Each structure stands twice: as C-alpha cells, then as structure tokens.
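First comes the structure, then the notes that go with it.
Sequence lines set the chain letters: A, B, ... in the order given, protein chains first and strands last, and positions in each chain run from 1. These values consider heavy atoms only, across backbone and side chains, with no hydrogens, waters or symmetry-generated copies. Every value quoted in this text rests on a predicted model; they were computed, and no experiment measured them.
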Amino acid sequence: GAVVSQHPSRVICKSGTSVKIECRSLDFQATTMFWYRQFPKQSLMLMATSNEGSKATYEQGVEKDKFLINHASLTLSTLTVTSAHPEDSSFYICSAQRSDGRAEQFFGPGTRLTVL
Amino acid sequence: QKEVEQNSGPLSVPEGAIASLNCTYSDRGSQSFFWYRQYSGKSPELIMFIYSNGDKEDGRFTAQLNKASQYVSLLIRDSQPSDSATYLCAVKGNMLTFGGGTRLMVKP
C-alpha cells in the first residue's frame, strides 16, 4: 500500500503558459499532501502544504498566486504553475500523508517541468 | 543552524563494506525519524523509520536513534553499487523536516 501517482511525469511548455500537475494517493486517503521542488543537485524544497477542503499553506518565498494548489478530495491534489517562465523549470514532487495519523510521507514519482 | 543536518558527502565506500550515514536534529520534541533514498532524477523512497531509542534492523539496513544526543544514523551492511544514491534524513516534530541529504557512492 501507500502508492502515490503524479501526472504528467514530464512536460515541456512555452513561456507564459500554465501547467497543471496532479497528485493522487491510489490506495489510501490523504488529508494532507505536500508539494516540493527540487533543482538539479539540490535538496528538496517544500513549497506548500495542502489540506483537503482548506487553503494551502505556502512556505516563505513561494508565490501563492503563481503556484495554485487545490486539494479537492482525500485522494487528489493539484498544483498549477501559472504563467510559467524558464526559471520555473524544475522537478516537482508531491507527497501524501495518510489520514490515519501516521507521520511518514509517501512520494509521487515527480514531474519534470521544462519551460522554454 | 539548520533543523536537520547531514554531511552532503560524497561518502565513498567499497563494495561489501558498511556505509554509515549520520544525521543530527535540533528539535528535542521530535518523535519520528525517517530515512529516504533518492536515486538521481527520481523521487525519494522511504526505506526506514524509527520512533524509539536504539537500533532497528531491516535486512541490510539498520537505523539507530539517540534522542539524548539528537542524532539518527543509517547503517548499510554489505554495500552494493546499487545502493549508490542520496540518502535523506527526515525528522517529524510539528512537521516533517528534511536534511539536505548525503550522497553515497559504492565502488565495485
């Protein structure tokens, strides 16, 4: 158990377009999901915490109007990168925490975004 | 001071040796501790968790926790080239906080 999927796995888009990334917990319910960004050879950076049915909590320095998060159900959270620019090119990874209170997070396979 | 500290490495060990990865944390109230493995270009994968002081063994992996000294370590016995990856320590206090990771290289 504890499988998390992400879609798409890879996306290439033009500057100025918006990109939506989906994160799904396939075999468990996740009250809380997390969105991370990782640049090459750097560590994970938490962008925001997404709670089902409420507004996401963004980390300092992350623009909430640029990175729109929607956690509409216990198994789905989406991240939309609006008006993407080349500097937004990165590896975006979601993780999900089980609703039964266990602390570990399970990661999705990641989405590699390239903005031309 | 970072909340979760790891030596970035690379830590290089020969095949068959024991690899020892260390992590220190600052929040004394932390209750849960995790080790993730991340291969290059892939997302992290949970390999061990430990909640109590002492050792926890799972196959070739042993997690060690010392809450008094605020460190947690991961030992990998009989290291294999396929173990070459970045190992992330994560500590749960109010939230899960990741260290920067230690890059392990196992040389044949």
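Interface remark: B/K92 contributes side-chain atoms only to the contact with chain A (heavy atom separation under 4.5 Å). For A/F34, no part lies under 4.5 angstrom from a heavy atom of chain B. With a threshold of 4.5 angstrom between heavy atoms, B/Q31 does not approach chain A through any atom at all. In this structure, no portion of A/Q42 lies under 4.5 Å from any heavy atom of chain B.
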Practice prompt. Determine, stepwise, if the pair A/K41 / B/T86 fulfils side-chain contact (heavy atoms from CB on, under 4.5 Å).
Written response: CA-CA 10 Å; A/K41 299 190 185 300; B/T86 296; over 6 Å; no

Practice prompt. Report the C-alpha separation of A/E104 and B/L96 in whole Å, then their side-chain angles, then the decisive distance to 0.1 Å, and conclude whether the side-chain contact (heavy atoms from CB on, under 4.5 Å) test is met.
Written response: CA-CA 8 Å; A/E104 59 264 43; B/L96 193 63; over 6 Å; no

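Panel note: side chain B/Y36, backbone A/F106; no donor-acceptor pair is recorded below 3.5 Å. At least one donor-acceptor pair closer than 3.5 Å links the side chain of B/S43 to the backbone N or O of A/G108.
Taking hydrophobic clusters as Ile, Leu, Val, Met, Phe, Trp and Tyr residues chained together by side-chain heavy-atom distances below 4.5 Å, B/L75 does not share a cluster with B/V13. Cluster membership check: A/M45 does not share its hydrophobic cluster with A/I21, using side-chain heavy-atom separations under 4.5 Å among Ile, Leu, Val, Met, Phe, Trp and Tyr.
The 12-atom threshold is not exceeded at CZ of B/R103, counting heavy atoms of other residues, nucleotides or ligands nearer than 6.0 Å. For A/K66, the NZ atom is densely surrounded, since the number of other residues' heavy atoms within 6.0 Å is greater than 12.
The CE atom of B/M95 sits 5.0 Å away from the CG atom of A/L46 when rounded to the nearest 0.5 Å. The line from NZ of B/K42 to CZ of A/F91 is 7.5 Å long, rounded to the nearest 0.5 Å.
Note: A/F107 and B/F98 meet the aromatic proximity criterion, with ring centroids under 6.0 Å apart.
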